[in-house]
Amino acid sequence: MLVTRTVADFRAWRASASGTLGLVPTMGYLHEGHLSLVRAAKRDNARTAVTIFVNPTQFAPNEDLARYPRDEARDLVLLESDGVDAVFAPSPDEMYRPDASTFVSVEKLTDRLEGASRPTHFRGVTTIVLKLFQIAQPDRAYFGRKDAQQLAVIRRMVRDLNVPVEVVGLPIVREPDGLAMSSRNVNLTPEQRRAALVLSKSLRLAESLFAAGQRDAEEIRASMRSLLAAEPLAVLDYISVADASSLDELTTVDRPALVSLAARFGATRLIDNTTLDP
Ligand code: AMP
């Protein structure tokens, strides 16, 4: 497995690698969620490349960039044993010149949910993802539905800017007790870790209400809100039942819906989601 640090070296590898390329962009501190993307990329493509880059432009000054978990040595062992061909792990200076002044913004889809709480987040995500696409020239790129809004935003960018890449979205990988895997879970205390189960429980509640015939979106939100309110360690950011493609809030669940939520457990902010399909 080749580990590259510079755009020039990664491009040189890409130019020499024959066949289709599957790209898996990550911020490292890998878990089974990331590895499920790697395995899908390996299945579908002649070559698989993974990027490890904690992208500063998607963190606001008050966010957790400095405390974002990192363990590159362990990540490389996992990727090597999964048969990845190349890793691109650049420094921030390699990716952004001091006078970098070009950004990619997807409008509207990014002004709600995660974007309402983190106004500059998606501009950072779309800018780095387009840069990685330009550098790697992948045939396919793999993203988790864990970050459902991110996936929708990237699909929109690729469509609107005619980027020649197939975006593949894959299911959320969970711990046995239901907590969605996340690099940030390591920052939870044992009490917060237990409390964080309220996220997946409230999504299961939404699913069971829907399965029992509930179509009133506000009733679903209200039931989820009461469950969250009963967990003292959870500080709710948002609960949403939205049209799965426009991300507009729904009154009635009469079309595919994304049910998503975000909450803080101490300093750690977690997100989770599910879909409802009438
Ligand atoms: P990150 O390293 O958090 O930027 O995540 C890199 C990619 O892995 C993104 O496409 C995420 O959506 C995906 N991912 C993260 N956690 C999970 C999970 N639990 N299940 C599936 N995909 C995930």
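We count ligands from 1, going down the list as the structure has it; atoms in each ligand are counted the same way.
Among all non-hydrogen protein atoms, the one lying nearest atom 20 (N) of ligand 1 is Val173 N, 2.8 Å. Of the protein's heavy atoms, Gly144 CA, 3.4 Å lies nearest to atom 22 (N) of ligand 1. Of all protein heavy atoms, the one lying nearest to atom 11 (C) of ligand 1 is Asp147 OD2, 3.1 Å. Counting only heavy atoms of the protein, atom 16 (N) of ligand 1 lies nearest to His31 CE1, 3.2 Å.
Contact annotation: for Pro25 versus ligand 1, heavy atoms closer than 4.0 Å belong to the backbone alone. Here Leu37 has side-chain heavy atoms under 4.0 Å from ligand 1, and that is the only part of it that gets that close. Only the backbone of Pro171 comes within 4.0 Å of ligand 1, counting heavy atoms alone; no side-chain atom from C-beta on gets that close.
No side-chain donor-acceptor contact under 3.5 Å links Asn187 and Thr268. A side-chain donor from one of Glu207 and Thr274 sits under 3.5 Å from a side-chain acceptor of the other.
Arg112 places a side-chain heavy atom less than 4.5 Å from the side chain of Gln149. Within the 4.5 Å cutoff, the side chain of His34 has heavy atoms near those of the His31 side chain.
Interface atoms of ligand 1 facing Tyr68, defined by a heavy-atom separation under 4.0 Å, are 3 (O). Using a 4.0 Å cut-off to heavy atoms of Ile172, the atoms of ligand 1 that qualify are 20 (N), 21 (C). Under a 4.0 Å criterion applied to the non-hydrogen atoms of Thr26, ligand 1 contributes the atoms 2 (O), 6 (C).
Under a 4.0 Å N-O distance rule, the pair Arg39/Asp82 qualifies as a salt bridge. With respect to the salt-bridge test (charged N to carboxylate O, under 4.0 angstrom), the residues Arg14 and Asp139 qualify.
Grouping Ile, Leu, Val, Met, Phe, Trp and Tyr residues whose side-chain heavy atoms lie under 4.5 Å apart, directly or via other members, places Val54 in a hydrophobic cluster with Met27, Phe59, Leu65, Tyr68.
In terms of polar-atom proximity, Lys146 is not counted as a contact of ligand 1, lacking any N or O under 3.5 Å from an N or O of the ligand. For ligand 1, the polar-atom distance check finds no N/O of Phe143 at less than 3.5 Å from any of the ligand's N/O atoms.
The heavy-atom pair separating Leu170 from Ala40 by the smallest distance is CD1-CB, 3.4 Å.
Which of His34, Gln150, Met181, Met27 comes nearest to atom 5 (O) of ligand 1 through a heavy atom is settled by distance: it is His34.
Residues passing the side-chain hydrogen bond (donor to acceptor under 3.5 Å, both in side chains) test with Thr57 are Asn55, Tyr96, sequence neighbours excluded.
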